[in-house]
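It should be emphasised that the depicted structure is a prediction, and the values quoted were computed from it without experimental measurement. Start at 1 with the first residue, then count along the sequence.
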Amino acid sequence: MLSSNLNIVWGIALSIGPYFILAFIPVWKQLRYSKKTVIAAGTLCMVLNIISVIMIIEWVPNWNSLRAFHSVFFLLLYLGVYTAMVRGTPAKLLFVGLLVKSYAEFIVTMAKFLEIAYLTYGLHRVYVQTSYSFYFNLFQCVILALTYPLVWIFFRKKISQVMATRNKAWSYLWIIPMVYYIISLAFGALNAALIAQWQFLVFNLVSFLGFYLIYYVVIEMLEQTQKNILLAESNEVIKQQLLFQSEYYKKFGICIEETRKGEHDLRHHLNAVLGLIQQKNGDKAESYIAELLGNRLSIADIMYCKNDAVNAILGYYANICKLEAIDFTIEAMVPQDLKIDETDLCVVFGNVLENALEANRRITSGEKMIKLASQFIGNKLYITVDNRFSGKISMKNGVYLSQKREQSSGIGIASVTAIAQKYDGEARFEADDQIFSVAVVLSNNSRTMAPDRLSIWDGRGINNNPCQLEH
């Protein structure tokens, strides 16, 4: 039989280690510090927990009277460390922390029931309530082995997906696991005679399954809400894309009409020029030719790249910038036969240009400027946009906040970042000396492949015989 102190170390390690891992599964990519720092902080908390339990058991005869206080104290400590280590909203982190704690309390109460039942009915001896006994720890291991895989999948597949959602419901969802935790504390305060009854087992199982069913339903609702938001955004993107294409084809139709008219009138113009030359009136002939060239709409004026969808967006914003006296420079090389979905391309180009346009519209004095460049290298599409802005752009948790909605991150930035991740790429945003810079790289492969990552700023340059036009 293991000694008392070894049982305490074993029991506390069981009551912290598995749940520490579980709590960080949904937020593993949102750490403020390195993984080594997080592991060191968790280990330190566990050591403090072990030392405190050993000292209290040796110094306080009635240790069970302090169990609830000790549990709440370390719960607050773990939640404090958790929120300090993870970048995220307090309500979400509190929900995950309490959810993990409620699962831990379920394991404890079930292990305590099995310990009492085994000692009294299996070994036929009087149960003496102790803390972290050998059989209690053994039954914890058994219950963890049976339930941990399912809970792991639940956290990995469901909780992780909804952590990125934005919903006002997060402000009060933490109340659900808090209620279960309070109920579990009440169970822990019961005496052995009550815990040993089969009604306790049934109630504990039903309440645990019932609460996790509530969690599942709530998470499904959050996922569905997020899908509805994405669907609404997708519809807006499609509407915007149709607007871009409408403007593009309208201008293209004007170009074709002007070309037909020019071809029809070409014979008359040539006769006029020939007459001026025969009259040896070179200056007037030159002026006449220059006037003809100025009145003609060149197809090069609407062809910024080979990709029709991107071309429509660039043409749309080029026309707006021309009307609003914004210096818009385009150096674009975007192939037509990309594997990247055209809707996603429209989201990226449309959002970065819309944000750049809005920033320029806020400039009250000085030059207004947008510069866009893109290039296709090594099966990757590189996009950079620089624009001037006035005022101050705030940041929160490393994310630039929208100038239109204070204290809220820009929807456009979030959408561009999500699409960059979807195509195994990255998106970066920087503001320096009244110039806001966006750099995006998209892999021209499906997400199942793992192409070598290239930094957006790898010294390659951005120009490679692109179509170029300034407005």
For Ile159 and Ile25, what are the C-alpha separation, side-chain angles and deciding distance, and is it a side-chain contact (heavy atoms from CB on, under 4.5 Å)?
CA-CA 9 Å; Ile159 304 294; Ile25 289 174; over 6 Å; no
Please evaluate residues Tyr78 and Phe20 with respect to the criterion side-chain contact (heavy atoms from CB on, under 4.5 Å), reporting the C-alpha separation (whole Å), side-chain torsions for both, the decisive distance (0.1 Å), and the verdict.
CA-CA 9 Å; Tyr78 291 133; Phe20 179 84; over 6 Å; no
Leu98 vs Leu94, side-chain contact (heavy atoms from CB on, under 4.5 Å): CA-CA, chis, key distance, verdict
CA-CA 6 Å; Leu98 290 172; Leu94 186 61; 3.9 Å; yes
Dump the intermediate steps for side-chain contact (heavy atoms from CB on, under 4.5 Å) on Val96 and Lys92, then the final yes or no.
CA-CA 6 Å; Val96 175; Lys92 292 181 181 179; 5.7 Å; no
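The stretch residues 145-160 participates, sequence neighbours left out, in these salt bridge (charged side-chain N to carboxylate O under 4.0 Å, His left out) pairs: Lys158-Glu220, Lys158-Glu223.
Using a 4.0 Å cut-off between charged nitrogen and carboxylate oxygen, Arg428 and Glu430 do not count as a salt-bridge pair. Under 4.0 Å is where a charged nitrogen must lie from a carboxylate oxygen, and between Lys422 and Asp344 at least one such pair does.
With a 4.5 Å cut-off on side-chain heavy atoms, Val334 and Phe349 count as touching. Residues Leu22 and Tyr148 are in side-chain contact: their nearest non-hydrogen atoms beyond the backbone lie under 4.5 Å apart. Between Phe139 and Ile107 there is no side-chain heavy-atom pair separated by less than 4.5 Å. For the pair Leu381 and Ile383, the minimum side-chain heavy-atom distance is below 4.5 Å. Counting heavy atoms from C-beta outward, Asn49 and Ile16 have side chains that approach closer than 4.5 Å.
In summary, the side chains of Asn311 and Tyr316 do not present any donor paired with an acceptor at a separation below 3.5 Å, with no hydrogens or angles considered. Using modelled atom types and a 3.5 Å distance limit, the side chains of Glu354 and Tyr317 yield a donor-acceptor pair.
With values rounded to the nearest 0.5 angstrom, Leu353 atom CG is found 10.0 Å from Ile320 atom CD1. Taken from CD in Glu358 to CZ in Arg362, the straight-line distance is 5.5 Å, to the nearest 0.5 Å.
Judged as a ring-ring contact (aromatic ring centres under 6.0 Å, His included), and not counting sequence neighbours, Trp174 has no contacts.
Tyr216 and Tyr212 have their aromatic ring centers separated by at least 6.0 angstrom. Here Tyr82 and Phe24 bring their ring centres to under 6.0 angstrom of each other.
Taking the six-membered ring for Trp and thresholds of 30 and 60 degrees, Trp10 and Phe134 have ring planes inclined between 30 and 60 degrees apart.
Between the side chain of Asp386 and the main chain of Ser437, no donor-acceptor pair closer than 3.5 Å is present. Side chain of Gln30 to main chain of Arg87: a donor-acceptor pair is present (N/O by atom type, distance under 3.5 Å, no hydrogens or angles).
Under the 6.0 Å distance and 45° angle rule, Lys112 counts as a cation-pi partner of Phe136.
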